[in-house]
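It should be emphasised that the depicted structure is a prediction, and the values quoted were computed from it without experimental measurement. Chain naming here is simple, since letters A, B, ... match the order of the sequence lines and numbering starts at 1 in each.
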Amino acid sequence: MPELPEVETIVRGLARRIVGDTITSVWIGSRPQPLRSLASEIVRTLEGTRIQGIRRAGKHIVFELAINNTAKATHSNAKVKLPRKRKQDALAPLESSANAFAHWVVHLGMTGRLVVCEPEAEIAKHTHLIATLASGRELRFIDPRMFGKLSVHAAAFDPGGVEPLDVDEETFVNLFHGRKTPIKSALLNQKLVRGVGNIYADESLFRAGIRPRRRASTITRAQLAKLYESVREVLREAIALGGSSISDYVDADGEEGFFQLQHRVYGREGEKCLVCKTPIRRVVLSGRSSHYCPNCQK
DNA sequence: ATACCGACCTGTCAGC
DNA sequence: TGCTGACAGGTCGGTA
């Protein structure tokens with residue numbers, strides 16, 4: 001579901017609402033699919049920490065948690081608990097340092113949502129984690145398809161790839177040098193550029209006038225420079241509009257984004273190109289729908 | 001290395 | 001109304 005602009009919108013919403021709050025207890029559901037760390041480890045890491053910051057790394061949401069001994073919950077309503085001995089052993093290295101931080105990383109997959117709500121709010125189907133906050137509110141992770149991922153890390157989290165909005169043109173252009181893969185596949189490769197997904201790849205390629213199937217190695221430097229600008233322009237515009245809402249995607253405040261109104265090719269198969277009136281074509285490229293104008297894109 | 005495919009899951013919607 | 005199949009914003013692992 002969410003690509004970079006949606007995740008950025010969600011992160012800003014969350015940061016505004018819960019930075020500075022403390023996680024007092026954590027409940028985790030019985031479905032293990034979204035968990036990339038042990039449930040017990042997630043509970044143990046989150047409980048008692050203060051949310052120092054929330055940032056985005058590609059499509060990942062990273063919670064920076066300050067470990068605060070005095071606020072450590074004396075008990076929790078978590079379903080999963082570790083034996084006392086192991087719990088103490090595992091905590092020792094983190095608590096021994098003066099400024100201990102942990103990182104909670106959330107990837108929303110296709111249908112994941114993070115919502116902040118009052119505890120009496122109805123618990124949605126497919127709720128996999130509930131973090132109770134010292135302010136009295138709850139942070140909940142909901143994900144019907146369970147493609148989302150939750151993990152905790154003691155060290156700084158680095159998903160690889162470059163941030164398209166931070167990288168310079170030279171570095172961006174060089175990422176594609178000599179690659180025979182279709183340019184769209186390269187754009188979707190999170191180890192190269194992080195944060196670009198199916199919608200924004202199609203929209204960026206349209207603005208740059210490049211067909212999704214073009215081999216990256218056959219694209220001129222000038223065209224790649226154009227693509228660099230297109231990717232950044234599309235992402236910035238989408239962030240400014242709060243992301244693309246298709247079906248049920250909403251940000252942390254429950255507000256919809258509006259970038260879907262700006263889509264020029266995505267989801268417009270058969271409709272006229274806004275530039276030249278040629279019908280937009282849809283093809284399947286490595287299993288993903290790809291939309292382009294056969295006249296404007298070469 | 002790279003490309004293609006199915007798998008992972010549930011929900012929705014169009015068509016019959 | 002209800003069934004079936006296609007499709008969905010993301011990744012991962014296997015295979016050729």
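As judged by a 4.0 angstrom heavy-atom cut-off over every strand, A/R213 is placed among residues making no nucleic acid contact. Nucleic acid contact for A/R36: none, since no nucleic acid atom lies under 4.0 Å from a heavy atom of the residue. A/S289 comes within 4.0 angstrom of the backbone, heavy atoms only, and of no base. When heavy atoms are screened at a 4.0 angstrom cut-off, A/K125 is found touching the sugar-phosphate backbone but no base atom.
Checking C/dG9, B/dT2, B/dC9 against every side-chain atom of A/Q33, the shortest atom distance belongs to B/dC9. The nucleotide whose nearest atom lies closest to any side-chain atom of A/R145 is, among B/dC9, C/dT11, B/dG11, B/dC9. In the set C/dG9, B/dC9, B/dA3, B/dA3 carries the atom at the smallest distance from any side-chain atom of A/R215. Of the candidates C/dG9, B/dT10, B/dT2, the closest approach to any side-chain atom of A/R288 belongs to C/dG9.
Judged by centroid separation below 5.5 Å and plane tilt below 30°, A/F147 stacks onto the base of B/dC8.
Using P as the reference atom, C/dC3 and B/dC9 are 25 Å apart when rounded to the nearest Å. With C1' as the reference atom, C/dG9 and B/dA3 are 22 Å apart, rounded to whole Å.
Judged by distance alone, the side chain of A/N189 and the main-chain N or O of A/S185 form no donor-acceptor pair under 3.5 Å.
Note: CG (A/L187) to P (B/dA3) measures 13 Å, nearest angstrom.
Each of A/G178 and A/G287 was matched to the nucleotide of DNA chain B holding its nearest heavy atom; the match closer to the 5' end belongs to A/G178. Heavy-atom distances to DNA chain B give each of A/S185 and A/M146 a nearest nucleotide, and the one nearer the 5′ end belongs to A/S185.
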